[in-house]
Trainee: 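Just passing along the structure, written as structure tokens.
Convention: sequence-line order gives letters A, B, ...; per-chain numbering from 1.
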Amino acid sequence: MPKTNADLAAAFEQTADLLELQEANPFRVRAYRNAARLVGELKLDLVAQVEAGRPLPKLPGIGADLAGKIEEFAHSGHLALLDRLRRQIPSGVAEMLQLPGLGPKRVRALYEELHVTSLAQLARAARDGRIRALPGFGARTEASILDAIDAHSHRPQRLKLVAASQYAAALLDWLRKAPGVSEVAPAGSLRRARETVGDLDLLACAPDGAAVCRHLLAYPEVAEVRASGGKRATVLLQSGLQVDLRVVPTASFGAALLYFTGSKAHNIRLRTLAIERGLKLNEYGLFAGRRTVAAATEEEVYRALDLPWIAPELREDRGEIEAALKNRLPALIERADLAGDLHVHTDWSDGTASIAAMARAAKAHGLSYLAISDHSRRLTVANGLDPQRLARQCAEVEKANGKLDGIELLTGIEVDVLEDGSLDLPDKALAPLDVVIAAVHSKFGLSRAAQTRRILAALDHPKVRILAHPVGRLIDKREPYDVDLLAVIRKCKARDVALELNAHPERLDLTDLGCRMAKDEGAKVVINSDAHAEHEYDNLEFGIGQARRGWLEKGDLINTQPLRRVRAWLAGKESR
DNA sequence: GCCGTTTTCGGCCCGACTGTTTTCAGTCG
């Protein structure tokens, strides 16, 4: 298998773990972790770059040494340093780092003193009471290690954003009733609208932090208390979800929200900027010595660092600090910018509502146009449309249009792309439609070359205007298919086909980085709900969050435009 | 291991909580 950026990122991450176990310079460890993050998020395929004999670009945090290691990995598929570390430290030792409460120091002690090299041996040592005998360990630590091993074997996956939002809403309602609370707010990856959330980070403002923490412990769903003090508390809910609460004085709300929203990498950049200005930034404020420079709002803190406010969805240290310093932040799309939806289903295929009901619901969600795009015949399980039923449906859509007020319907289809790149319906059936969306629903396992060829061929069809869910993943359920996304995006750009950002919370496809890549290449994106029921237009909100994470602006999207312009765009290709 | 409108050497974000200790190391976010 050819190596990818993801493989290289994993190798750097493992190197960092093993170096840490050897108590290497912590800044050296951090350099490897930073490199892993950078490489994993990079559009440019580094291995291909090296193999093609092209020089590596200058990348922040990659110096001569790490650049050499990238080349070594590209040529050989290995890192000599990592191979050596693996010979020195058994693989099970690094796995112990995954357990909460065990860091490099303790794992090293367990390995060196007790010769523990696997989770199974660790459990045995704990049950035998050998761990409490080590200096710095005790009976309580021993018990918590056993608990951690138990929890590790059936730990919950990261929650999808939609589920995390629901848990958070209920908890925030609960916290609002805590004594003296003036503000509550979601923070962390939830606020940054990441597609999945590992644990819930919540912020509250109150004069008595301990009282608010105690109030959290009384939440009916709390199954276990991990920590609780005067300023923060950590609990596990019955679902296994971890909730971290921070309580600060109201005067520190902005600084605390900034700190607790993250990302960690973004925070480190901000704190470094503060240091360069002779200031100190923490969750209580921005300080010059003992004097508070800014604290109450995020805007104040950013301003004091000579930055405009940066939207939470951008705070990943993916260039937003540099853009902010140059005043070149994108004007991110907002929900109110969406004028229409070009991909929904009805009870003609696998949707649950009629054409008219889906239209009325779209209008109720503030949309002014809607493309009806049911499945094509190959998807028999979804009752896909053949040419005859499609023609009848088009007549129905036209009829419904006459009766509707305040929303206009377009005819369309989500047509399957077959293995050879041809479409599931004949050109004659597609010709009268307003919108043709090409979608891959089968043969996910094709080789990268074959899958890419297939999709590029579909994009060459003159009627195709949108590529549905371009990477085909289902979050935590199905990996994206192996495809050269950059080639697909460039083809879309060349053919003036829009890439869909499918807003269904299980898909969110394009990904944030995919959106960014599309924007960089000048390709257009369309945010579609893919609603199969009336309430699913609510999902558009998650599509907006993902689009914002991908730096998309109103002008990058098709369905922010009024219908007149969308129609012109839809028609444009046919005249070429 | 990286980096430089103070620096090519000497820095590298910062604070809360726990458990094992009697003043703090380790871990976490």
Trainee: Test of understanding: with side-chain contact (heavy atoms from CB on, under 4.5 Å), list the residues that count as partners of F27(A), not counting sequence neighbours.
Mentor: N25(A), R30(A)
Trainee: First and last nucleotide of DNA chain B touching chain A, 5' to 3', heavy-atom cut-off 4.0 Å?
Mentor: dG1(B) to dG29(B)
Trainee: By a strict heavy-atom criterion of less than 4.0 Å, which residues belonging to residues 63-71 of chain A are in contact with DNA chain B?
Mentor: G63(A), A64(A), D65(A), L66(A), K69(A)
Trainee: Could you pull out all residues at least two apart from D208(A) that satisfy salt bridge (Lys or Arg N to Asp or Glu O under 4.0 Å)?
Mentor: none
Trainee: According to the salt bridge (Lys or Arg N to Asp or Glu O under 4.0 Å) rule, which pairs have a member within residues 175-188 of chain A, sequence neighbours left out?
Mentor: D173(A)-R176(A)
Trainee: Please list all pairs meeting side-chain hydrogen bond (donor to acceptor under 3.5 Å, both in side chains) that have one or both residues in residues 114-123 of chain A, counting only residues at least two apart or in different chains.
Mentor: T117(A)-Q121(A)
Trainee: Give every residue pair that meets the side-chain hydrogen bond (donor to acceptor under 3.5 Å, both in side chains) criterion with at least one member in residues 130-140 of chain A, sequence neighbours excluded.
Mentor: D128(A)-R130(A), R132(A)-E142(A)
Trainee: Any side-chain to backbone donor/acceptor pair from R191(A) onto T261(A)? Under 3.5 Å, distance only.
Mentor: no
Trainee: With a 4.5 Å limit on heavy-atom distance, are the side chains of D201(A) and L190(A) in contact?
Mentor: no
Trainee: Contacts to DNA chain B from residues 105-133 of chain A, heavy-atom cutoff under 4.0 Å, which residues?
Mentor: K105(A), R106(A)
Trainee: Using both distances under 3.5 Å as the test, list the Watson-Crick or G-U wobble partner of dC2(B), or none.
Mentor: dG11(B)
Trainee: Pick the nucleotide of DNA chain B nearest each of L102(A) and L81(A); which residue has the one closer to the 5' end?
Mentor: L81(A)
Trainee: Pull out every residue in residues 11-43 of chain A that has a heavy atom closer than 4.0 Å to any atom of DNA chain B, ordered by number, or say none.
Mentor: N25(A), F27(A), R28(A), R30(A), A31(A), Y32(A)
Trainee: Just checking P100(A): base, sugar-phosphate only, or nothing, at a heavy-atom cut-off of under 4.0 Å?
Mentor: sugar-phosphate
Trainee: Of all of residues 263-294 of chain A, which get a heavy atom below 4.0 angstrom from DNA chain B, listed by number?
Mentor: K264(A), I268(A), R271(A), T272(A), I275(A), K280(A), L281(A), N282(A), E283(A), Y284(A)
Trainee: Which pairs count as side-chain hydrogen bond (donor to acceptor under 3.5 Å, both in side chains) when at least one residue sits in residues 311-323 of chain A, sequence neighbours excluded?
Mentor: R37(A)-D317(A), E41(A)-R318(A), R192(A)-E316(A), H266(A)-E320(A), R269(A)-D317(A), R269(A)-E322(A), E298(A)-R315(A), Y302(A)-R315(A), E313(A)-R548(A), E316(A)-R549(A), R318(A)-D512(A)
Trainee: What residues form a ring pair (Phe, Tyr, Trp, His ring centres under 6.0 Å) with Y32(A), not counting sequence neighbours?
Mentor: F12(A)
Trainee: Students often get this wrong, so: under 4.0 angstrom with heavy atoms, is G188(A) touching a base, only sugar-phosphate, or nothing?
Mentor: nothing
